[in-house]
Amino acid sequence: MKKNFKLLMLIVVIIAVIGGSVVAYDLLKEKAQMNLDNEILKEEGQNDNGQDSVDNNDGKKTDGDEDSDNQYIDFSMEDYEGNTIKLSDKVGKPIIINFWASWCPPCKQEMPYFNEMYQRYGEDIEFIMVDLVGSRNETVEDGKSFIEEAGYEFPVYFDVDQEGSNAYYITSMPTTIIIDEDGRIIEEANGMISKYRLKSYIDMIY
């Protein structure tokens with residue numbers, strides 16, 4: 001009887017330890033995600049882990065600057081087939097612009113989130129993934145090779161004349177700009193964003 005009681009108590013203790021470990025793991029995992037998001041949201045000191053600087057831009061716009069009327073700034077770019085496309089051609093739907101380059105590690109890290117959201121919302125939201133051609137010798141071929149090897153499905157455009165980077169004063173990558181269906185800039189994010197942050201932007205415009 002005593003042996004059975006001791007065995008029962010041992011089983012109870014083991015179950016309690018395992019249960020406590022699972023809860024602790026979940027809490028630590030949640031805290032780690034929150035810490036990651038907090039790091040991503042920092043506006044200052046992000047170049048060490050969330051941004052890469054761009055060396056071909058003369059703009060002097062700083063984080064948080066916006067045009068007084070918050071209206072989008074039009075610019076031309078090339079699509080995957082080499083056709084000239086203007087941002088104004090896309091206005092009428094909500095728009096998400098992401099400036100990136102194939103040499104930019106933070107850009108690569110967040111791209112799966114954009115691809116996932118494009119697959120879910122691509123019919124209702126314009127995803128404009130703009131490769132900053134010319135930044136650190138980035139070429140159209142570099143951008144295409146990276147996209148094709150990764151198998152991403154979102155539309156890719158090329159800022160071959162730096163019109164986009166100059167229009168939006170892009171000095172670091174990645175940079176994401178959120179525009180509503182009326183052409184108003186709702187948000188601008190400098191540095192890598194999490195999937196949860198990207199979804200929160202989508203909720204603002206859709």
Side-chain angles (χ1 to χ4, degrees), residues 54 56-59 61 65-104 107-108 110-135 138-148 150-193 195 197-206:
V54 179
N56 70 328
N57 190 280
D58 295 327
K61 186 176 182 180
D65 288 347
E66 293 181 341
D67 293 328
S68 57
D69 58 1
N70 290 334
Q71 286 296 308
Y72 77 96
I73 304 170
D74 202 9
F75 67 93
S76 296
M77 53 196 152
E78 287 188 2
D79 66 11
Y80 213 82
E81 287 71 38
N83 303 308
T84 299
I85 303 294
K86 287 190 173 184
L87 178 60
S88 54
D89 297 335
K90 305 294 185 178
V91 174
K93 284 185 178 182
I95 296 172
I96 296 176
I97 307 174
N98 180 260
F99 290 98
W100 63 277
S102 63
W103 52 260
C104 166
C107 302
K108 295 178 180 180
E110 70 176 7
M111 277 195 171
Y113 311 145
F114 284 88
N115 197 59
E116 179 180 341
M117 294 303 164
Y118 169 72
Q119 291 172 333
R120 292 173 60 182
Y121 301 102
E123 293 185 2
D124 302 305
I125 297 174
E126 294 283 358
F127 285 77
I128 301 177
M129 308 295 290
V130 183
D131 182 9
L132 291 185
V133 175
S135 63
E138 177 84 350
T139 66
V140 171
E141 290 72 24
D142 291 335
K144 286 186 175 182
S145 295
F146 167 70
I147 293 298
E148 290 168 5
Y152 292 132
E153 300 177 15
F154 45 61
V156 176
Y157 302 88
F158 301 93
D159 191 20
V160 293
D161 295 320
Q162 292 78 53
E163 285 191 32
S165 60
N166 289 327
Y168 289 92
Y169 300 94
I170 305 301
T171 57
S172 61
M173 286 191 288
T175 292
T176 303
I177 298 171
I178 310 300
I179 301 174
D180 70 12
E181 61 185 7
D182 297 318
R184 292 190 299 266
I185 297 174
I186 301 302
E187 192 67 60
E188 180 174 341
N190 298 295
M192 186 186 75
I193 60 176
K195 180 171 70 173
R197 193 83 194 276
L198 178 57
K199 180 58 169 63
S200 73
Y201 290 153
I202 290 174
D203 290 341
M204 292 179 182
I205 57 176
Y206 177 67

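This one's a predicted model, so the numbers in the text were calculated from it and none came from an experiment. Side chains are part of it too, since the values below use all heavy atoms of this structure and drop only hydrogens, waters and symmetry mates.
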Exercise. How would you list, by chain and number, every residue that makes a side chain to side chain donor-acceptor pair (under 3.5 Å) with Lys108, sequence neighbours excluded?
Worked result: none
Seminar exercise, completed: Only one of Ile193, Leu198, Asn98 passes side-chain contact (heavy atoms from CB on, under 4.5 Å) with Tyr113, and that residue is Leu198
Exercise. Which heavy-atom pair separates Glu110 from Gly191 by the least distance, and what is that distance?
Worked result: OE1-O, 4.1 Å
Exercise. Got Ile147 and Trp100 here, is their nearest side-chain heavy-atom distance under 4.5 Å?
Worked result: yes
Problem set entry | Test salt bridge (Lys or Arg N to Asp or Glu O under 4.0 Å) applied to Lys199 - qualifying residues, sequence neighbours left out | Asp203
Problem set entry | Distance, nearest 0.5 Å, that separates OH of Tyr201 from CD of Glu187 | 4.5 Å
Seminar exercise, completed: Residue set satisfying salt bridge (Lys or Arg N to Asp or Glu O under 4.0 Å) with Glu181, at least two apart, ordered chain then number -> none
For this session: Would you please name every residue forming a salt bridge (Lys or Arg N to Asp or Glu O under 4.0 Å) with Arg184, sequence neighbours left out?
Result: Asp180, Asp182
For this session: Determine yes or no for a side-chain-to-main-chain donor-acceptor pair under 3.5 angstrom, with Tyr168 supplying the side chain and Ile73 the backbone.
Result: yes
Exercise. With distance as the sole criterion, is a donor-acceptor pair present between the side chains of Asp74 and Ser88 under 3.5 Å?
Worked result: yes
Seminar exercise, completed: For Pro155, the side chain to side chain contact (heavy atoms under 4.5 Å, CB included) test, sequence neighbours excluded, returns Tyr118, Phe127, Tyr157
Exercise. Are Tyr80 and Lys144 side-chain neighbours, meaning at least one heavy-atom pair lies under 4.5 Å?
Worked result: yes
For this session: Would you please name every residue forming a side chain to side chain contact (heavy atoms under 4.5 Å, CB included) with Thr84, sequence neighbours left out?
Result: Ser76
Problem set entry | Any donor-acceptor N or O pair under 3.5 Å, side chains Ser135, Trp103 | yes
For this session: Go through the structure and list residues passing side chain to side chain donor-acceptor pair (under 3.5 Å) with Tyr206, not counting sequence neighbours.
Result: Asp124
Exercise. Side chains of Asp131 and Phe146: closer than 4.5 Å at any heavy-atom pair?
Worked result: no
Exercise. Looking at CD of Gln119 and OH of Tyr152, how far apart are the two atoms once the value is rounded to the nearest 0.5 Å?
Worked result: 10.5 Å
Exercise. Does anything in residues 113-122 pair up under salt bridge (Lys or Arg N to Asp or Glu O under 4.0 Å), and if so which pairs, sequence neighbours excluded?
Worked result: Glu116-Lys195
Problem set entry | Min side-chain heavy-atom separation Ile96-Ile125 under 4.5 Å | yes
For this session: Answer whether the closest heavy-atom distance between the side chains of Pro174 and Cys104 falls below 4.5 Å.
Result: yes
For this session: Tell me, please, whether Phe75 has Lys86 positioned over its six-membered ring: NZ or CZ under 6.0 Å from the ring centre and within 45 degrees of its axis?
Result: no
Exercise. Which heavy-atom pair separates Phe158 from Val140 by the least distance, and what is that distance?
Worked result: CE2-O, 3.8 Å
For this session: Measure the shortest side-chain to side-chain distance between Met77 and Val130 over non-hydrogen atoms and say whether it is less than 4.5 angstrom.
Result: yes
Exercise. What are the two closest heavy atoms between Ser165 and Leu132, and how far apart are they?
Worked result: CB-CD2, 3.9 Å
Exercise. Is the shortest heavy-atom distance from the side chain of Glu138 to the side chain of Ser102 under 4.5 Å?
Worked result: yes
For this session: To the nearest 0.5 angstrom, please state how far the NZ atom of Lys90 sits from the CD1 atom of Ile97.
Result: 11.0 Å
Exercise. Atom OG1 in Thr171, atom CG in Asn190: separation rounded to 0.5 Å?
Worked result: 7.0 Å
Exercise. What pairs with Asp79 under side chain to side chain donor-acceptor pair (under 3.5 Å), at least two apart in sequence or on another chain?
Worked result: Asn83
Exercise. What pairs of residues pass the salt bridge (Lys or Arg N to Asp or Glu O under 4.0 Å) test when at least one of them lies in residues 150-168, not counting sequence neighbours?
Worked result: none
For this session: Any chance you could measure Glu126, atom CD, to Ile95, atom CD1, to the nearest 0.5 Å?
Result: 6.5 Å
Exercise. Where do Val133 and Val160 come nearest, in terms of heavy atoms and distance?
Worked result: CB-CA, 4.0 Å
Problem set entry | Side chains of Met117 and Phe154 in contact at under 4.5 Å (non-hydrogen atoms) | no
For this session: Return the set of residues passing side chain to side chain donor-acceptor pair (under 3.5 Å) with Glu81 (not counting sequence neighbours), or none when no residue passes.
Result: none
Exercise. Is the backbone of Gln162 close enough, under 3.5 Å, to the side chain of Asn166 for a donor and an acceptor to pair up by distance?
Worked result: yes
Problem set entry | Spacing of Phe99 atom CZ and Thr175 atom OG1 [to the nearest 0.5 Å] | 7.5 Å
For this session: Search all heavy atoms of Cys107 against all heavy atoms of Met173 and return the closest pair with its distance.
Result: SG-CB, 3.9 Å
Exercise. Are Thr176 and Glu188 close enough that a side-chain donor and a side-chain acceptor fall under 3.5 Å?
Worked result: no
Exercise. Counting heavy atoms not belonging to Glu123, are there more than 12 under 6.0 Å from its CD?
Worked result: no
For this session: For Glu141, check side chain to side chain contact (heavy atoms under 4.5 Å, CB included) against everything at least two apart and list the hits.
Result: Thr139
